[in-house]
Amino acid sequence: MTMTVFSKAAAPSRRDFIVSVAAAGGGLGLGFHLPFDIDPAAAEEAGAEVNAWVVVKPDDTCVIRIARAEMGQGTLTGLAQLVAEELECDWNKVATDPITPGRNLARKRVWGDMGTGGSRGIRGSQDYVRRGGAVARMMLLQAAANEWNVPVGELTVSDGVLSHAASNRTTSYGKVAAAAAKLQPPDAKTIALKDPKNWKIAGKPLKRLDTAPKLNGSKVYAIDVKLPGMMCAAIKDCPVFGGKVASFDESKIAHLPGFKRVVKVNDSAIAVVADTWWHAKTALEALPIVWNEGDGTAQSSATIAERLKEGLSATSDNGNWQVGDAPKAIADAAKKVEAVYATPFLAHATMEPMNCTAIVSADKAEVWVATQNAEAALAALSEVSGLPLDKCEIHRPDLGGGFGRRGGSQDYVHQAVAIANEFPGTPVKLIWSREEDQAHDFYRPISQFRGTAGLDADGNLIGLHLRVCGQSINAFSNQSAVVGGKDMRQLQGLWQEPDDAQFGYTVPNLMIDYVMRNTHVPVGPWRGVNTNQNGVYLECFMDEVAHAAGKDPLEFRRALMAKHPKHLAVLDAAAAKAEWGKPLPPGVHRGIAQFMGYGSYSAAVAEVSVSNQGKLKVHRMVLALNCGHAVNPGQIAAQVEGSVAFGLTAALYGECTVEQGRMTKLNFDTYEIMRLAEMPKVETVIVPSYDFWGGVGEPTICVVTPAVLNAIAAATGKPVRTLPLKNVRLV
Amino acid sequence: MRRLLGAHQWRGDAVLLKIVTIEGLSPTASHPVQLAWAVFDVPQCGYRQSGQIMAAAALLAKKPKPTDEDIDAAMTNICRCGTYQRIRTAVHMAAGDKI
């Protein structure tokens, strides 16, 4: 389609994105812009629901129900692969149906949790979705056996084709699905699932199911939703966290084009509603608002840093674990190493800004929103609209980025519904400007770190004290998890317990502790959460200690990892692939790091050079990952590559600074995001051990920055102890 | 879209522009860039990919055999999911280079 624009004064022509049933993956559009008094199953063109997980159409298409959110991480495809593997259907005839929380509630949560975060989308669902596929398979087999009047054990199935060799008969899933749907399902818990060694669909680097609409402009994101009679809202929350609205003067903007009304959304936020978002934003910008900014204005990056620094020397802590007597061992050691590190607040900066479209009527309420937790969004809709849950529905298009921003607080839902309440029966679309998005995030918490180590005369590590001091996510949003003042969540990756985020070294005298110092800045989970800063602190400090011991950074680590074979295996795999020890071209240096998080083990080697002017170039990254089972190695590699960009962007540029109580970096001119030209070559080594299920979306981010910083230190002889790098003179 | 706008100049109050958007690249989504993007499963969340695809198409229209430096200079669109490595490979494929 080409357009001809005749006058630069004309408003830019916008494409009409009409929510359409063709837009959802698989062309079935179920649960998406359906009037919700129609049973979605009835609308499925005569498909038969064999069980809650699988609907089979007469043409053998198998529609697999997906409960988790898709935000680019590939979980939709991976979950479908797991179901299809047990289902034994034809992968080329698979479609997906992303169920909604309203449907889940109506069916007593038959699809389980919809929340998607913590790298749990696959590992948290794999058992029951595989059983769902297996149950459907068994019912389809039984239906065919019943039709042929033969024992079901004599049937085989492959690619959705059922066969009875003895009588030379075949049929297909589409033909027996209706009969299967009427059968009593077997007990899912007693089913023996297939051995992953025999996987034919899962475990393979298959193409994603959801790529096509992303290539031709047809994909509809929540921000694209357009409904008849829809109005648009722009919003501004008090720039200083904790501040409130004092007054505003609507009369000054009432005459502006498209203006409808000003809505005071809550104590601290004002929205302007207009016919288009541009008109709303323009009017909001012109609206005089007086803020009661509150005590937060006294806070700045400098005051916060002072508090954290003080906390590094606090005598009491908010959680620790220890082995032996680290302070004594270090005090008595032949050689001591000490270093202080600092990392900043970071913003999620999803490319699709926060937005939510809501329509509230007397007897029903609907929302269209990008969310990682559709059930939380449903609860928010019910709470703010005042309607019971069963009169509410959330339509959940795929997210234009989540990264943890869209899983916790559903603040944009609260806001949009509060505005929609003022316009009963009229859809209202709320979009945050980029500045609003940057100014009102739930930031990766700020922290500092002191590492102290003691070496014996032979350079062996005999004492180690790691202290993290910083803001607590639990204290901000989950106080019940802070028990007796203790919050071990901020020590993620440095834990004693196995299986999730375990510290991977054995040190005879070890103390790891956390000191809580909160600020007025709202904080939340940023992809990788606390593994990111803890990975920098541990792995950069370990390199400093190795250097003080006169030992190779890889060998220094290996000597401490005999009791952590899985941590060691990924470290060795990354080192082997990177050919650690092999001479590099002049000016190129290597750095290494390993860390555990989300049940998975990661390691990275970085190759960098630093020019005489201190300009950094990251040439190559080798990443090794053991996530236990690998459902889609191609998508795992994509996640790993993406994690390099995510971690490197933060290392190079990421910093949310506070002045007079408010965030100052409000767009991508000041909060820079790495571009393609800065992307190193990434090689991924997946080393699955098949004896556990680990996450993939987050674990590898946290080894990227320390590997790069360690390589820089190797290049320049100076450790880098503060981030981002744009503030650091490397030479 | 801005890639194609950049070649034109505003003159007085009226200007005639031909704007090609992602839908206009190919009626069957079979522009070489779109095909290469599909081969490598480039998109993750996909929110930025229309811009990336248009930037790549505009680059190839100007430079059918871009070097890596050409790609660095032309492909300045942000991708938060970090699909840059596959974007680069896909641009080379669309240009007919050996991958």
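Letters A, B, ... are given to chains in the order of the sequence lines, protein chains preceding strands, and every chain is numbered from 1.
- Residue with the most contacts toward chain B among Ala349(A), Ala645(A), Ser643(A), Pro680(A): Ala349(A) (heavy-atom pairs, distance under 4.5 Å).
- Among all heavy-atom pairs drawn from Gln34(B) and Asn216(A), the shortest one is NE2-CA, 4.0 Å.
- Interatomic distance, CE of Met75(B) versus CE of Met679(A), reported as 13.5 Å (0.5 Å rounding).
- Contact annotation for Ala637(A): both backbone and side-chain heavy atoms come within less than 4.5 Å of a heavy atom of chain B.
- Only the side chain of Ile223(A) has a heavy atom closer than 4.5 Å to any heavy atom of chain B.
- Among Glu69(B), Gln49(B), Arg80(B), the residue with the largest count of heavy-atom pairs under 4.5 Å with chain A is Arg80(B).
- For a residue to count as touching a neighbouring chain, one of its non-hydrogen atoms must lie under 4.5 Å from one of that chain's; by this rule Met351(A) touches chain B with backbone and side chain alike.
- Of the inter-residue distances, the one linking Glu641(A) atom CD with Tyr84(B) atom OH reads 13.5 Å to the nearest 0.5 angstrom.
- Ranked by non-hydrogen atom pairs under 4.5 Å with chain B, the options Met674(A), Glu70(A), Lys681(A) are led by Met674(A).
- Across all non-hydrogen atoms, the minimal contact from Gly217(A) to Ser50(B) is CA-OG, 4.1 Å.
- Contact of Glu678(A) with chain B is not made at all, since no heavy-atom distance falls under 4.5 Å.
- Residue contact with chain B, scored on non-hydrogen atoms closer than 4.5 Å, is absent for Leu76(A).
- Here CH2 of Trp37(B) is found 14.0 Å from NZ of Lys214(A). Values are rounded to the nearest 0.5 Å.
- Summarising the local packing, NZ of Lys62(B) is surrounded by 12 or fewer heavy atoms from other residues, nucleotides or ligands at distances under 6.0 Å.
- For Leu215(A) against Ile22(B), the heavy-atom pair with the smallest separation is O-CD1, 3.5 Å.
- Within residues 39-47 of chain B, the residues approaching chain A closer than 4.5 Å by heavy atoms are, in numerical order, Val39(B), Asp41(B), Pro43(B), Gln44(B), Cys45(B), Gly46(B), Tyr47(B).
- Within a 6.0 Å radius of NZ in Lys65(B), more than 12 heavy atoms belonging to other residues, nucleotides or ligands are found.
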